[in-house]
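When a ligand or atom number is given, it counts from 1 through the structure's own listing order. Quantities reported herein were computed from a predicted structural model and do not represent experimental measurements.
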Amino acid sequence: VPNDLVLTDAVPPTKCPECGVVNSGALGVDGTRPKKGDVSICMYCRHISIFTEDLGLREPTIDEMLAMGREPKIQAALSVLAKCPPPGHK
Ligand SMILES: [Zn+2]
């Protein structure tokens, strides 16, 4: 597990809207259970999604994409992910 990310199993399996892989866990920057509006990054294709009310995933809006570009925690998570290979293949 990358150093500054915390593995949490508190999320239901979510299917990436981009590559279709089911992510069964989540790496959280603070280890807390994700909530509606939180950002999810696919472990396989690095696609960024937004958690919905029931912890499903949806595509981010343009405004959300712009906000992510300015969010240091997200940039840090992406740079950590860029250094570790995807966890196997489906
Ligand atoms: Zn994906």
> Can you confirm whether R46 sits close enough to L81 that some side-chain heavy atom of one is under 4.5 Å from a side-chain heavy atom of the other?
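Yes, at least one pair of side-chain atoms sits under 4.5 Å.
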> Can you check side chain to side chain contact (heavy atoms under 4.5 Å, CB included) on L78 and I41, steps first, answer last?
CA-CA 8 Å; L78 282 171; I41 303 169; 4.0 Å; yes
> In the structure I gave you, are the side-chain heavy atoms of T52 and K36 within less than 4.5 Å of one another anywhere?
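SC-SC contact between T52 and K36 ruled out.
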> Residues sharing L66's hydrophobic cluster, by side-chain heavy-atom contacts under 4.5 Å among ILVMFWY, directly or via others?
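L66 shares its hydrophobic cluster with I62.
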> Counting no waters, how many protein N/O/S atoms sit under 2.8 Å from the Zn ion (ligand 1)?
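Count of protein N, O, S atoms less than 2.8 Å from the Zn ion (ligand 1): 4.
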> Walk me through whether E59 and H47 qualify under side chain to side chain contact (heavy atoms under 4.5 Å, CB included).
CA-CA 9 Å; E59 297 283 352; H47 185 71; 3.0 Å; yes
> State, yes or no, whether a side-chain contact exists between L57 and I50 at a heavy-atom distance under 4.5 Å.
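SC-SC contact between L57 and I50 ruled out.
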